[in-house]
Every structure is written in structure tokens, then in C-alpha cells.
Amino acid sequence: MDAARIEHHLGEIRQTGYTIVEGAIEPVLVDELASEIHRVEDELGTKPKGNPAEGWATKRNYNLLARGPAFQKMPVHDNVLPIVERVLDPGCLLSGMTAIDIGPGEIGQPIHPDDIVMNVPRPHVPLMCTSMWALSDFTEANGGTRAVPGSHLYDHAPDYSAEIETIPIEMAAGSVMIFHASLWHGGGSNITEDEWRLGVNVQYCAGWTRPQQNQQLGVPREITRTFSDRLLELCGYSLYKGIMGHIETKSPAIVLGDDRLDETAYQSPKARVLES
Ligand SMILES: O=C(O)CCC(=O)C(=O)O
């Protein structure tokens with residue numbers, strides 16, 4: 001993705017809180033991911049969890065990096081990560097990956113910001129950035145994400161008992177919505193007879209905050225060793241700004257038993273923050 005296109009998307013995120021990268025994902029990858037998610041749902045016998053956040057007619061699966069190698073392509077995708085790296089910074093972490101398959105009859109998820117637990121005064125700089133991958137078409141009828149444009153600039157979080165005016169985010173399969181995680185949004189209701197809306201939330205957070213899903217404990221080491229260097233970094237196996245996350249000054253990648261991402265805290269070129 002060229003610099004002008006990245007800048008265009010960043011401008012939209014700054015102004016309305018979100019952008020849509022149309023046709024971001026190659027159709028063959030969309031099909032592969034959709035069939036992988038259906039495989040995981042079948043293997044795990046995924047059932048709706050039955051609560052307002054996770055829904056009553058929605059199948060959700062977490063910890064996708066532990067579920068199959070195809071999912072490793074998502075957090076590092078060339079049409080998504082360069083935008084996220086500019087919203088946060090290149091030291092950002094993968095905060096979580098959630099497959100969200102909204103079934104007929106689902107009601108709307110409460111409208112919320114994804115940085116809901118980050119208890120700092122609003123509005124604030126992006127501390128999280130979410131990419132919502134459409135693996136099926138997202139329509140108003142089938143539960144496409146709903147959002148309140150501009151709400152990333154509000155000075156408060158939503159009142160969960162209030163009716164909130166939202167717009168539907170409609171996008172074709174293969175498109176990705178990327179948003180400042182203070183944006184008020186939620187999964188829509190699915191009023192279709194038989195259409196499932198399949199999306200994956202790939203969320204990132206600033207490198208000095210705590211990810212929502214624990215990639216380091218949740219993904220077995222033998223799978224983690226197959227990750228690319230960039231994916232390892234996104235999962236917290238390097239030091240943030242050459243300082244944060246070290247194990248006796250060594251890069252956390254040391255636990256994987258190879259010398260990838262080898263660096264020493266305070267001696268790494270990334271530790272420039274300490275230079276005058
Ligand atoms: O499914 C969606 O469209 C949004 C899901 C979401 O916002 C969430 O689970 O935090």
C-alpha cells in the first residue's frame with residue numbers, strides 16, 4: 001500500500017474514527033480463512049455463549065493463532081498492518097483475534113468502545129486499534145458492524161442502557177474496517193432468515209499496554225516457533241522501545257530457544273528514548 005493511500009485512510013480514522021479498506025484481502029485468503037473458521041467451529045462444537053457481549057445466536061472463537069497456520073497471515077497483512085502501525089506505532093502488539101459468526105435472529109451487541117477498560121480521560125490518543133475483517137458480505141440486515149462516526153472524540157463512554165443512533169458499516173467480503181478503538185460500535189442484529197455474517201476482529205494495542213487475549217500463554221510454544229519474526233514481535237516476543245518486556249534484560253524470544261529477535265534491554269538501538 002503506497003504512502004498516499006495510507007495517509008488517506010489515516011485521515012478518515014482521525015476524522016470519523018474509522019476507515020474501510022475495500023478489497024484489502026485477496027479472495028483466495030478470504031475463502032481459506034472462512035473455511036478454517038467453519039472447521040474450528042465444527043471441531044470445537046462452538047455454541048453461542050448467551051450474554052450481551054458475545055450474543056445468543058453468534059459463534060465466537062478466540063486464540064486463533066493456536067487453531068491453524070492460516071490465521072498467521074492476518075495480523076501481518078500488508079493492506080492492514082501499515083495503517084495500524086501508523087495509528088499506534090510500529091511497536092504495537094496484537095491484542096486479540098476473534099472470529100465472530102453472527103447467525104440469524106441475533107440482536108444487536110451493546111454499543112461500546114474496544115478500549116472500554118482503559119480508564120484514562122477521553123478523548124485520548126489511540127491506545128488500541130481494531131481491524132474488522134469481512135469474510136462474508138457485511139450488510140445492515142445480516143449484522144454488519146454498527147458505528148457512531150466521530151465518537152472516538154467524545155469525552156465519555158456510552159450509556160449502555162440508552163438507545164444510541166448508529167449507522168451500519170456495509171462492506172463486501174474481503175474488505176477491512178480499521179478503527180480507533182474509542183469509536184463506539186457493536187455487532188448489528190441479524191434479521192435475515194438464513195444468512196450468517198462472518199468477520200474476524202484483529203485487534204492491536206500500544207506496545208506498553210496489556211493485550212486483551214494472551215498470545216504468549218495461549219499459543220503453544222511449538223506453534224509460536226513457526227511464526228515470522230514480525231508476528232513474533234506483534235505477540236510481544238521483542239522489547240517495546242528496547243526496554244519493556246525484558247527477561248533479565250534479554251528479549252522475551254529467549255524462551256523459544258532460538259536467537260531470533262535477540263536484543264538486550266537498554267543496549268538495543270530501539271532504546272533511543274533514553275538518549276538526550
Ligand atoms: O461483530 C462485530 O461487528 C463487532 C464485534 C465487537 O465490537 C466486539 O465483540 O467487541
Side-chain angles (χ1 to χ4, degrees), residues 13 16-21 24-25 30 33-34 37-38 40-41 46-64 74-75 80 84 87 94-118 126-149 151-152 154 157-158 160 164-192 195-205 209-213:
I13 294 171
T16 58
Y18 71 94
T19 190
I20 295 172
V21 187
I25 311 306
V30 172
L33 293 168
I37 290 166
H38 292 137
V40 171
E41 288 175 352
T46 307
K47 298 267 183 304
K49 304 282 194 312
N51 62 62
E54 297 180 289
W56 283 267
T58 295
K59 298 182 193 173
R60 288 171 70 110
N61 277 296
Y62 304 94
N63 203 27
L64 298 183
M74 302 187 82
V80 178
V84 174
V87 172
L94 180 64
S95 182
M97 292 175 69
T98 308
I100 307 175
D101 202 0
I102 298 185
E106 184 59 276
I107 59 170
Q109 191 186 35
I111 298 297
H112 62 280
D114 280 346
D115 58 10
I116 188 167
V117 302
M118 293 177 161
L127 301 177
M128 289 179 69
C129 179
T130 299
S131 65
M132 168 52 90
W133 292 44
L135 299 183
S136 66
D137 290 344
F138 275 35
T139 66
E140 177 160 21
N142 74 8
T145 309
R146 303 198 65 94
V148 181
S151 51
H152 63 307
Y154 292 177
Y160 299 104
I164 294 171
E165 200 180 319
T166 58
I167 61 158
I169 304 294
E170 298 201 296
M171 53 183 177
S175 298
V176 178
M177 174 194 186
I178 303 177
F179 55 99
H180 183 311
S182 294
L183 183 79
W184 298 12
H185 71 282
S189 52
N190 186 334
I191 58 166
T192 68
E195 235 183 272
W196 287 75
R197 191 232 67 179
L198 182 58
V200 180
N201 236 355
V202 182
Q203 295 174 302
Y204 305 81
C205 59
T209 64
R210 185 171 187 183
Q212 201 162 320
Q213 297 174 29

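Atoms within a ligand are numbered from 1 in the order they appear, just like the ligands themselves. Counting from 1, the numbers follow the sequence of the chain as shown.
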Write out the residue and atom name of the closest protein heavy atom to atom 7 (O) of ligand 1, then the distance separating them to 0.1 Å.
His185 NE2, 2.8 Å
Just jot down the ligand 1 atoms closer than 4.0 angstrom to any heavy atom of Met132, in number order.
1 (O), 2 (C), 3 (O), 4 (C)
Within this structure, what is the CD1-OG1 distance for the pair Ile37 and Thr98, rounded to the nearest 0.5 Å?
10.5 Å
Hey, which atoms in ligand 1 end up nearer than 4.0 Å to a heavy atom of Arg60?
9 (O)
Is it true that a side-chain atom of Ser131 and a backbone atom of Val202 form a donor plus acceptor pair closer than 3.5 Å?
yes
Closest approach of any protein heavy atom to atom 1 (O) of ligand 1, naming residue and atom:
Arg197 NH2, 3.0 Å
What is the ring orientation for His112 with His185, classed by angle as parallel under 30°, tilted 30 to 60°, or perpendicular over 60°?
tilted
Of Gln212, His112, Met177, Gln109, which has the heavy atom at the shortest distance from atom 5 (C) of ligand 1?
Gln109
For atom CD1 of Ile167, is the number of surrounding heavy atoms from other residues, nucleotides or ligands below 6.0 Å larger than 12?
yes
From Gln213 CD over to Cys205 SG, what is the distance, rounded to the nearest 0.5 angstrom?
11.0 Å
Between Thr145 and ligand 1, which part of the residue brings a heavy atom under 4.0 Å of the ligand: side chain, backbone, both or neither?
both
Quick check for you: to the nearest 0.5 Å, what is the distance between His152 atom NE2 and Thr16 atom OG1?
6.5 Å
Give the contacting part of Asn201 toward ligand 1: side chain, backbone, both or neither, where contact means a heavy-atom distance below 4.0 Å.
side chain
Quick one: does Arg60's side chain have a donor or acceptor within less than 3.5 Å of a partner on Glu54's backbone?
no
What atoms in ligand 1 come closer than 4.0 Å to a heavy atom of Asp114?
10 (O)
Report the nearest protein non-hydrogen atom to atom 4 (C) of ligand 1: residue, atom name, distance rounded to 0.1 Å.
Gly187 N, 3.5 Å
